[in-house]
Amino acid sequence: MLQGLATSNFQADLAAARDWYTALFGAEPYFVRDGYLEWRLGRDEDEFGIVDARYVPGALDRTPGGQYTYWAVEDVDAAVATLVERGATVHEPPTTRGEGFRTAAVVDPFGNVLGVMTNPHWAGTAG
């Protein structure tokens, strides 16, 4: 049934999130609509979107939690350090999960949980 990641969407103040994520990704969003922004990331051009929190009931008052996505990185510790330098806070410290698997998660300045991971299965795929 599930065939792969289509889009990972966060909810945030759109203008502030655009600035923060544009600086983090080093690129402007490729898709912009009223209330929505989207970037394509990595070798598979996975979609990362921001939905304006004004369209999500309670989004500005919620605490981090629920489902979140781990994005592949080469170095979890370096990724977490970069994210924290940019204003994120550690939600799940870097943790070894098994041979070649390492995860961590941060909370962005808008209350969304952003996971990062090294994963030998992902690294070994052609994309």
Side-chain angles (χ1 to χ4, degrees):
M1 183 174 83
L2 300 178
Q3 299 176 4
L5 178 67
T7 303
S8 175
N9 284 340
F10 282 5
Q11 297 84 38
D13 173 273
L14 206 61
R18 180 179 185 153
D19 291 345
W20 199 82
Y21 278 99
T22 293
L24 179 66
F25 300 149
E28 289 287 332
Y30 85 98
F31 184 79
V32 178
R33 293 286 186 265
D34 181 40
Y36 185 74
L37 307 169
E38 192 170 274
W39 290 261
R40 288 188 183 263
L41 306 174
R43 67 171 192 221
D44 296 334
E45 295 190 351
D46 295 311
E47 295 177 354
F48 181 93
I50 302 286
V51 177
D52 195 316
R54 65 189 159 128
Y55 296 120
V56 183
L60 294 177
D61 297 322
R62 67 172 160 51
T63 59
Q67 185 273 340
Y68 54 98
T69 303
Y70 287 104
W71 289 86
V73 298
E74 289 183 19
D75 182 329
V76 167
D77 296 281
V80 169
T82 297
L83 291 161
V84 168
E85 287 171 10
R86 294 179 176 273
T89 57
V90 174
H91 183 67
E92 169 193 305
T95 304
T96 300
R97 304 288 183 185
E99 189 173 333
F101 294 89
R102 192 159 167 78
T103 66
V106 299
V107 178
D108 73 8
F110 318 102
N112 298 290
V113 179
L114 175 65
V116 293
M117 173 184 221
T118 54
N119 177 333
H121 298 296
W122 188 91
T125 62

message = Closer than 3.5 angstrom, by distance alone: can the side chain of D13 be matched with the main-chain N or O of A53 as a donor-acceptor pair?
response = no

Backbone N/O of I50 and side chain of W39: donor-acceptor pair under 3.5 Å = no

Distance in Å, [X] [atom1] paired with [Y] [atom2], rounded so as to fall on 0.5 Å steps:
| X | Y | atom1 | atom2 | result |
| --- | --- | --- | --- | --- |
| W71 | F48 | CH2 | CZ | 7.0 Å |
| D19 | L24 | CG | CG | 12.5 Å |
| T103 | M117 | OG1 | CE | 6.0 Å |

Minimum-distance pair of heavy atoms, taken over all atoms of [X] and [Y]:
| X | Y | result |
| --- | --- | --- |
| P109 | G87 | CG-O, 4.0 Å |
| G100 | P120 | O-CD, 3.1 Å |
| T118 | E74 | CG2-O, 3.5 Å |
| F110 | A12 | CB-CB, 3.4 Å |
| F10 | V113 | CZ-O, 3.2 Å |
| L83 | L114 | CD2-CD2, 4.0 Å |

request  = Sequence neighbours left out, what passes ring pair (Phe, Tyr, Trp, His ring centres under 6.0 Å) with Y30? Give chain and number order.
outcome  = none

request  = Name all pairs fulfilling the salt bridge (charged side-chain N to carboxylate O under 4.0 Å, His left out) condition that reach into residues 93-108, sequence neighbours left out, sorted by first residue then second.
outcome  = D77-R102, E92-R97

ask   = Do Y70 and F101 have side chains that get closer than 4.5 Å, going by heavy atoms?
value = no

